[in-house]
Protein chains: 2
Amino acid sequence: MKRRSTPSKTAVLSALEQAGTALSHDKILTKVGDRFDRATVYRILNRFCDDGITHRIVADDGKQYFALCEGCSHEAHAHNHFHFRCLGCDAVECLSSEVTVGLPAGYRAENFNGVISGYCAGCEA
Amino acid sequence: MKRRSTPSKTAVLSALEQAGTALSHDKILTKVGDRFDRATVYRILNRFCDDGITHRIVADDGKQYFALCEGCSHEAHAHNHFHFRCLGCDAVECLSSEVTVGLPAGYRAENFNGVISGYCAGCEA
DNA sequence: TAATTAACGCGACAAAGTCGCATTATAGTA
DNA sequence: TACTATAATGCGACTTTGTCGCGTTAATTA
Ligand SMILES: [Mn+2]
Ligand SMILES: [Mn+2]
Ligand SMILES: [Zn+2]
Ligand SMILES: [Zn+2]
């Protein structure tokens with residue numbers, strides 16, 4: 001139950017820190033030089049999400065992206081912010097705006113997933 | 001270039017009309033009695049989205065859901081509303097609230113995808 | 001140093017969606 | 001009504017993304 005420190009875990013973490021934005025599994029794998037197994041990296045990322053180290057974004061391309069959390073604990077994740085996926089450079093970044101959505105009575109929210117895709121300033125003509 | 005009317009297309013459309021909510025590909029396939037090919041239904045749904053008949057929701061389970069559009073043309077889709085996916089009954093519905101998200105300068109939005117998952121009133125304890 | 005077990009590597013697998021190609025059948029025209 | 005052009009279908013193969021079981025390795029603690 002207690003987490004251990006391994007080379008793969010360290011490498012994935014620093015890849016995310018260095019990037020500053022959200023990364024997909026395969027981007028991370030490339031960034032760490034394909035030194036580790038696919039499944040291992042998936043498991044590391046899932047553990048990071050469980051532990052409140054990263055949050056998972058499911059983008060409109062159907063893929064998962066992972067971004068470092070800022071001030072989230074294992075118990076309480078607060079990620080009511082949007083993400084932007086650039087159709088040009090494929091980058092996914094967290095937007096600052098916090099959003100509140102009204103739910104019908106009796107509904108209980110468990111997870112928030114907001115993604116806007118388009119073109120970032122650099123990729124815009 | 002011109003669309004034709006076929007039994008499969010009609011069946012998929014009425015399945016969506018009858019449901020009233022968003023449906024996944026496999027739910028639709030079941031609803032039409034598995035009378036048509038998987039690929040055919042996928043193609044019909046993609047055409048519906050191209051033509052502004054349905055809009056596509058990519059939920060946080062990574063799957064695509066399709067819901068009938070209300071007042072969308074081929075050119076202009078306006079779907080800045082959220083969707084709710086129930087973790088209990090697996091239903092995906094459109095929420096009424098229109099949302100505006102501020103983007104960084106120079107960014108251009110192309111698609112909006114907002115999903116909140118949790119438990120609906122019926123599935124809540 | 002030895003024991004415990006979290007994490008890894010490998011392989012198989014599943015689900016979701018796409019695509020090429022030969023065939024069918026819809027819609028428009030003669 | 002018969003003919004034609006081509007949109008749409010069915011089938012199969014394929015890709016991508018992600019998970020899981022299992023035997024092995026290695027991080028932690030005593
Ligand atoms: Mn984020
Ligand atoms: Mn909707
Ligand atoms: Zn870009
Ligand atoms: Zn429900």
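In what follows, chains are A, B, ... by sequence order, proteins preceding strands, each numbered from 1.
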Counting side-chain heavy atoms from C-beta on, which of [options] comes nearest to [X]?
X       : options                : answer
B:Ala39 : C:dT5, D:dG12, D:dA8   : D:dG12
A:His25 : D:dC11, D:dG18, C:dG17 : D:dG18
B:Arg43 : C:dC8, D:dA26, D:dT9   : D:dT9
A:Ile44 : C:dC8, D:dA5, D:dT9    : C:dC8
A:Lys63 : D:dG18, C:dA27, C:dT18 : D:dG18

Item to complete: Only one of A:Ile53, A:Val12, A:Thr40, A:Leu23 passes side-chain contact (heavy atoms from CB on, under 4.5 Å) with A:Leu45; say which it is.
Response: A:Val12
Give a yes/no answer on whether the side chain of [X] brings an N or O atom under 4.0 Å of OP1 or OP2 in [N].
X       : N      : value
A:Lys2  : D:dT29 : yes
B:Arg3  : D:dA8  : yes
A:Thr6  : C:dC8  : yes
A:Thr40 : C:dG9  : yes
B:Tyr42 : C:dG17 : yes

Worksheet entry | A:Phe82 ring center near B:Phe82 ring center (under 6.0 Å) | yes
Worksheet item: Between B:Phe48 and B:Phe66, does the ring centroid distance fall short of 6.0 Å?
Response: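 That pair fails the under 6.0 Å test.
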Response to the item:
In whole angstroms, the gap separating C1' of D:dT19 from CG of A:Asp50 amounts to 14 Å
Discussion item. At 4.0 Å (heavy atoms only), tell me whether B:Arg47 reaches a base, stays on the sugar-phosphate, or touches nothing.
Written reply: sugar-phosphate
Worksheet item: If you look at every strand shown and take non-hydrogen atoms under 4.0 Å, does A:Asp26 touch a base, only sugar-phosphate, or nothing?
Response: nothing
Worksheet item: Are any of the side-chain heavy atoms of B:Val99 and B:Phe112 separated by less than 4.5 Å?
Response: yes
Practice prompt. Write down the atom of B:Ala105, the atom of A:Ala121, and the distance for their closest heavy-atom approach.
Written response: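 Where B:Ala105 meets A:Ala121 most closely, the heavy atoms are O-CB, 3.8 Å.
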Practice prompt. Return the 5'-most residue of the pair B:Arg35, B:Arg38 with respect to DNA chain D, ranking by each residue's nearest nucleotide.
Written response: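 The residue mapped nearer the 5' terminus is B:Arg35.
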